[in-house]
Structure formats: structure tokens, C-alpha cells
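Below: the structure, in C-alpha cells.
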Amino acid sequence: MTNRIIIDTDIGSDIDDAMALALAMRSKELVIEGITTVYGDVDLRAKLAKKLLQLGGRDDVKVFAGINQPLLHNRDIWMAGHEGEGVLTDYEHIKYEHDHAVDFMVKTIMDHPGEITLIPIGPLTNIAAAIIREPKIVEHVKEIILMGGVTRLGHNALELPKDEHNIRCDPEAAALVFRSGAPIVMVGLDVTYQVTLSKDDRNRLEASQDPLNLALVKQLDRWFDFINEDTTKMHDPLTVSLMIDRSMVKTEKMSVYVDYDHRQMTGQTVALPDQNGNVEVCLEVDSQQFSTILFDRLLSN
Ligand SMILES: [Ca+2]
């Protein structure tokens, strides 16, 4: 079995993590070994992940809370404030695993060399801590497909900001992960800015009347209100979808460095073409192909 995955997520703030989790749940060829949470209120995030798994009929999937602070405890934490709203209730008791996310990650990768793909879709703190704890996971992980960074080397360079949230929230952790030598696929803003979800798409989810999709709709509505826009980007689902069909992206082999200093809001990913580099950087995506996969899966129940 080579499609075994661990998703490491900051679910609850932007809607896209919940969509990514739903896509993984609805993709029968993927074996979800566990979900780990990172950054800020990791317990709330773990409860939300578990609740969505329950709504999707996947209560069997284990959830582990991870590290709440950035690696050096030197950066402000950003929470949107609406995490879990409309899906979790105050009185509901939702249980998840006692073990720590980093211990789970290290054990799972070391017990199954070459078989586990890590999919980080939040700041890279847990992944960095796992590498610090057990450097051998760099050789034993099958691949790390991560959402983060931006290179501005694709056709849409002028639309993109110079840095990206997941890297900016913990640039020290990101620097450690990129320079670890682990085989990485970087799904950055270069491609994720090209995949969006509209209010029409939201309505299709609602019409399905599926309990998981209805929970996604509640969070989508809250998120659309929060960002005050009619479309939202599907950063994290695109990252998961590469486990299903990688032909939708074009990649270039590169070395990636993270340029940062002690100030808040720094953390630029500097990507240089390098045939010996450890990072496949996604530069172009067939957004229609992605959208078809996402909705075929979510509406198939
Ligand atoms: Ca995320």
C-alpha cells in the first residue's frame, strides 16, 4: 500500500482545511493513517477535525493534537475567532487521541519506511519538531506534499504576494523542513491562486443534503462573511488532490530557502532551479481538472 497519508492541519480558520479533509475522506484510494493538528488552539482544531470525520462516517480515523506555538515561541499567533462555529457546540464532548501529534508522526513513519506521505496544510511546526526528534524520518517518509510558500516563477507572478501564511507563521520551522533534504512537493500560491470555489459551488454542496457537505457549507458561509468576497481559494484541497492525480500540475525541481528575520511577517520562499534539489515546485495547474475531481468526490455520496 503506497497511498497512506497523514494530514497535518490548522483546520478551523480558513475553510480550505475542512474541504481538504472532506476530499481525503471521500477518496477511497487514500488510506488516512491519522490527522494531526498544529498552530494556535490545537485542541479545538482536533475536535473540529474529529467532528467532520464523524459526520463523514469516518469516526475510525484517529486525530492527534500537536504543537500550538511556533518553533521558537517568538511570533504572534493568528486565530480568525470563528474556528468551529456552526459545527461544534459548547456542550458537545468530542474525544480524540491522548498521544502527541509529533510522537504519532515519528512512530508511524519509522514503523512503515517508504510508505507514509505527510501532507502538511498548516504552519510546519509539527513537521520540524518531528525531524528534530527523529532525523531518520527524512529518509523514511515517502514524500512531503506541503501547502506553503510562493515562488512567483509561474505565469501569474504579478498577482501574487511575496510571502505566504503557513511559512510566515513559522519561518524557522519551514527553513528546517526545506533544508532537511526530505523529498518535498511544494504546493504554493503559484498554483493555489488558480483554484477557487464560488458561491455556486457552495450551493451544489448544500443541494446534496449530505451531512458532511452541510457542515462544510456552514463553515463556508462563515468564511465568505469573514473575507467579504464571493470566491475563496482551495489551497489545501489542491494539495491533497495531488495524491489522487498529479497530472494536473507542472513542477520544476528546485532548491528552496526560507528568507526571514526576527520580525513578524517575514518568511519568503526563495526557489532556485536545481536538478539536484529536493523540492518539486508546482508552477502551473489545470484548475478545471482539479475542480472536477473535488466535486466528483464530494458529491458522490
Ligand atoms: Ca490550512
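Each ligand, and each atom within it, is numbered from 1 in the order the structure gives. Every heavy atom of this structure was used, including side-chain atoms; hydrogens, water molecules and symmetry mates were not.
- Residues satisfying the ring-ring contact (aromatic ring centres under 6.0 Å, His included) test with H165, not counting sequence neighbours, are W78.
- I121 is connected to V150 through a chain of hydrophobic side-chain contacts under 4.5 Å among Ile, Leu, Val, Met, Phe, Trp and Tyr, so both are in one cluster.
- Qualifying side chain to side chain donor-acceptor pair (under 3.5 Å) partners for D245, counting only residues two or more places apart in sequence or in other chains: S247, Q289.
- A continuous path of Ile, Leu, Val, Met, Phe, Trp and Tyr side chains, each step under 4.5 Å between heavy atoms, connects I145 with L238, placing both in one hydrophobic cluster.
- At a cut-off of 3.0 Å, measuring from the Ca ion (ligand 1), the protein N, O or S atoms that fall short of it are D10 OD1, D17 OD1, D17 OD2, I121 O, D236 OD2, waters left aside.
- The shortest distance between side-chain heavy atoms of T9 and R45 does not fall below 4.5 Å.
- Applying the side chain to side chain donor-acceptor pair (under 3.5 Å) test to N156 and every residue at least two apart in sequence or in another chain returns nothing.
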